[in-house]
Number of protein chains: 2
Amino acid sequence: MTQAATRDEPNREDQRARLLAAAEGLVRKHGPDGLSLRELARACGFSTMAIYTLFGGKPGLMQALYTAGFARLHAYALAAEHREAPLRWMVRQMLAYRRFALDNTGLYRLMFGGEKRFAPAGRNTRFASLAVPVEDAYPAFAALVDAVGTCLAHHHAAAPDPSEVQDLAFLVWGQMHGLVGLEIAGYAEPVDALARYHNAVRFICTHCGAAAVEVEAELAAEA
Amino acid sequence: MTQAATRDEPNREDQRARLLAAAEGLVRKHGPDGLSLRELARACGFSTMAIYTLFGGKPGLMQALYTAGFARLHAYALAAEHREAPLRWMVRQMLAYRRFALDNTGLYRLMFGGEKRFAPAGRNTRFASLAVPVEDAYPAFAALVDAVGTCLAHHHAAAPDPSEVQDLAFLVWGQMHGLVGLEIAGYAEPVDALARYHNAVRFICTHCGAAAVEVEAELAAEA
DNA sequence: CTCGACTCAATAACAGTGTTATAGCACTGG
DNA sequence: CCAGTGCTATAACACTGTTATTGAGTCGAG
């Protein structure tokens with residue numbers, strides 16, 4: 001049977017978690033491409049092979065970091081939720097996105113760097129379920145769509161068209177991702193980047209129908 | 001004297017150009033991180049050492065690709081210039097940005113991937129002039145500022161505040177970079193990405209004061 | 001023309017990477 | 001208690017960027 005010697009399951013999960021945490025630290029320090037399996041194994045006291053049995057190799061590890069990153073981004077988005085005040089929700093949502101990116105630069109670059117989604121190199125069949133999942137990004141994006149939709153509905157009389165909400169949410173995502181990406185890549189001093197990000201928030205919120213003074217008040221409240 | 005044996009200068013420049021072109025091809029195929037000095041040297045018939053004498057090592061080569069990339073982006077921007085019709089200029093400028101990114105995905109990722117700007121690893125003093133030049137990006141950005149400024153001035157009565165133009169141009173850059181980055185990273189099908197990019201063009205141009213039908217006409221003309 | 005000096009390119013070596021093959025350990029099921 | 005199996009550690013392979021060394025070639029001075 002394949003179930004023969006599963007050993008203690010919780011131990012396996014703990015090891016995975018420890019490796020993932022350490023890997024995230026290394027990615028934070030050296031960037032997504034500076035992650036070395038040997039250094040990671042040394043830092044955790046394991047051998048290099050443990051990573052292969054637990055993740056199936058480096059692509060599997062990257063994949064795990066990828067999904068963990070989107071889970072955390074989703075958590076940031078949920079923490080910013082504020083259904084009773086749609087405008088505040090919107091502002092907090094946008095600021096939370098940038099905060100996530102700046103707090104987790106390594107993960108962010110790994111998620112959006114455009115690597116061909118970590119296709120495994122070897123012929124290991126056990127971890128063939130990798131390579132593809134853009135869908136990990138969906139929950140975080142759905143939260144953004146939610147915020148944009150309620151904000152639009154709150155400031156306009158008629159309920160907005162769902163596809164229009166999707167389109168606008170994607171534009172907002174693009175705006176946030178672009179500014180944050182430029183900031184991370186070093187094309188703006190942090191103070192300028194913050195001011196420009198605030199400009200983007202103003203830009204989008206007023207487009208949603210919010211009054212300029214209200215937006216300013218929310219920005220001041222979140223500062 | 002240091003001028004002793006400069007050998008034939010044009011030959012050196014030719015070799016640099018050949019290596020750069022081949023390197024760009026490899027970056028296009030394998031991504032910025034998949035560039036191998038040995039493979040590059042093999043493809044050009046040189047030895048690995050030639051890259052060291054001509055570029056000072058891999059960081060120097062990356063740096064050369066970086067500046068070449070921004071020169072080409074600037075060329076795309078200049079080709080989109082259309083001073084007599086500010087709105088058309090604006091639309092063409094934005095579309096040219098995306099076209100550049102899609103035509104030169106490898107270079108684009110190298111330019112905006114956020115690598116710590118190619119600091120040389122060894123203690124080679126001859127190529128110490130590397131690491132820093134964010135300024136390579138300036139000409140391309142200046143062209144964008146120019147387009148945004150004249151478009152704003154054309155659709156508004158009073159001449160716009162220069163700093164306001166700069167801020168808006170940076171927002172536009174962020175919007176373009178974000179959408180293109182998401183597209184390159186695989187977060188949108190090409191057809192959806194194009195439609196959303198068009199949405200961004202509409203969004204920004206109408207914000208500049210252009211009439212919706214005019215923008216639509218320009219988009220149709222450029223299709 | 002000849003010879004020293006100097007630059008550059010090619011070979012090979014070093015430290016590092018991901019991955020794989022081989023062997024050994026620790027454990028469970030009978 | 002023993003066979004069998006999953007997991008790990010050691011070592012090897014092919015590859016990377018970088019550096020040291022060697023050898024070939026060119027230049028200018030005497």
Side-chain angles (χ1 to χ4, degrees), chain A residues 1-16 18-19 23 26-27 30-63 65 115-116 118-128 130, chain B residues 1-16 18-19 23 26-27 30-63 65 115-116 118-128 130:
Chain A
M1 293 309 167
T2 69
Q3 192 261 355
T6 39
R7 215 68 63 87
D8 29 18
E9 276 282 339
N11 205 344
R12 268 184 71 96
E13 212 52 43
D14 276 5
Q15 291 179 344
R16 267 185 68 105
R18 270 183 52 194
L19 278 175
L26 291 181
V27 165
H30 306 132
D33 304 318
L35 178 58
S36 155
L37 295 192
R38 286 180 159 89
E39 185 181 2
L40 172 60
R42 221 180 307 140
C44 289
F46 296 147
S47 164
T48 316
M49 288 308 301
I51 304 175
Y52 279 83
T53 63
L54 290 175
F55 295 95
K58 189 171 189 180
L61 177 65
M62 299 293 251
Q63 175 61 43
L65 281 173
E115 276 321 302
K116 278 291 152 267
F118 323 122
R123 57 188 66 87
N124 195 331
T125 69
R126 286 185 49 202
F127 291 86
L130 300 182
Chain B
M1 293 310 165
T2 69
Q3 193 262 354
T6 37
R7 214 68 60 89
D8 29 18
E9 276 284 340
N11 204 345
R12 271 184 70 96
E13 212 53 42
D14 275 5
Q15 292 179 343
R16 267 185 68 105
R18 270 183 54 196
L19 278 175
L26 291 182
V27 164
H30 305 133
D33 304 319
L35 178 58
S36 154
L37 295 191
R38 285 179 159 90
E39 186 181 0
L40 171 61
R42 222 179 307 139
C44 289
F46 297 148
S47 164
T48 316
M49 288 308 301
I51 305 174
Y52 279 82
T53 63
L54 290 174
F55 295 94
K58 191 173 189 180
L61 177 66
M62 299 292 251
Q63 174 61 43
L65 282 173
E115 276 321 303
K116 279 289 152 271
F118 323 122
R123 57 188 67 87
N124 195 331
T125 69
R126 285 186 49 203
F127 291 85
L130 299 183

> Kindly point out which of D:dT16, D:dT19, C:dG18 is positioned nearest to the side chain of B:S36?
D:dT16

> With the side chain of A:T53 defined as its heavy atoms from C-beta on, choose the nearest nucleotide among D:dT8, C:dG18, C:dA9.
D:dT8

> When you check the phosphate oxygens OP1 and OP2 of D:dT8, does a side-chain N or O of A:Y52 lie under 4.0 Å from one of them?
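Negative; the distance criterion is not met.
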
> Atom CZ of B:F55 and atom C1' of D:dG17: how far apart are they, to the nearest Å?
16 Å

> How close do A:L40 and A:L19 get, heavy atom to heavy atom, and via which atoms?
CD1-O, 3.7 Å

> Closest approach to the side chain of A:S47, judged atom by atom: which nucleotide of D:dA9, D:dT18, C:dT11 is it?
D:dA9

> To the nearest Å, give me how far apart CG (A:L37) and P (C:dA15) are.
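Rounded to the whole Å, the gap is 21 Å.
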
> Specify the separation, in whole Å, of atom CE of B:M49 and atom C1' of D:dG23.
14 Å

> When you measure from the side chain of B:R42, which nucleotide among D:dT16, D:dC7, C:dG18 comes out closest?
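For the B:R42 side chain, the nearest candidate turns out to be D:dT16.
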
> Of B:T48 and A:L35, whose nearest nucleotide on DNA chain C comes first from the 5' end?
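In this pair, the answer is B:T48.
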
> Examine the base of C:dG16 for any acceptor or donor lying under 3.5 Å from a partner atom in the side chain of A:R38, and report the outcome as yes or no.
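By the distance-only test, no, there is no pair.
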
> Looking at every heavy atom in both B:R16 and B:L54, which two are closest together, and how far apart are they?
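Reported closest heavy-atom pair: NH1-O, 3.1 Å.
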
> Let me confirm one number: the SG-CD distance from A:C44 to A:E39, rounded to the nearest 0.5 Å.
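Spacing of SG (A:C44) from CD (A:E39) equals 10.5 Å.
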
> For the residue pair A:K58 and A:L35, what are the closest heavy atoms and their distance?
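Minimum heavy-atom contact is NZ-O, 2.7 Å.
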
> Identify which nucleotide among D:dC7, D:dG17, C:dG18 has an atom closest to any side-chain atom of A:K58, counting heavy atoms from C-beta outward.
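The answer is C:dG18, which lies nearest to the side chain.
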
> Nearest whole angstrom, please: distance from the P of C:dC8 to the CZ of B:R16.
13 Å

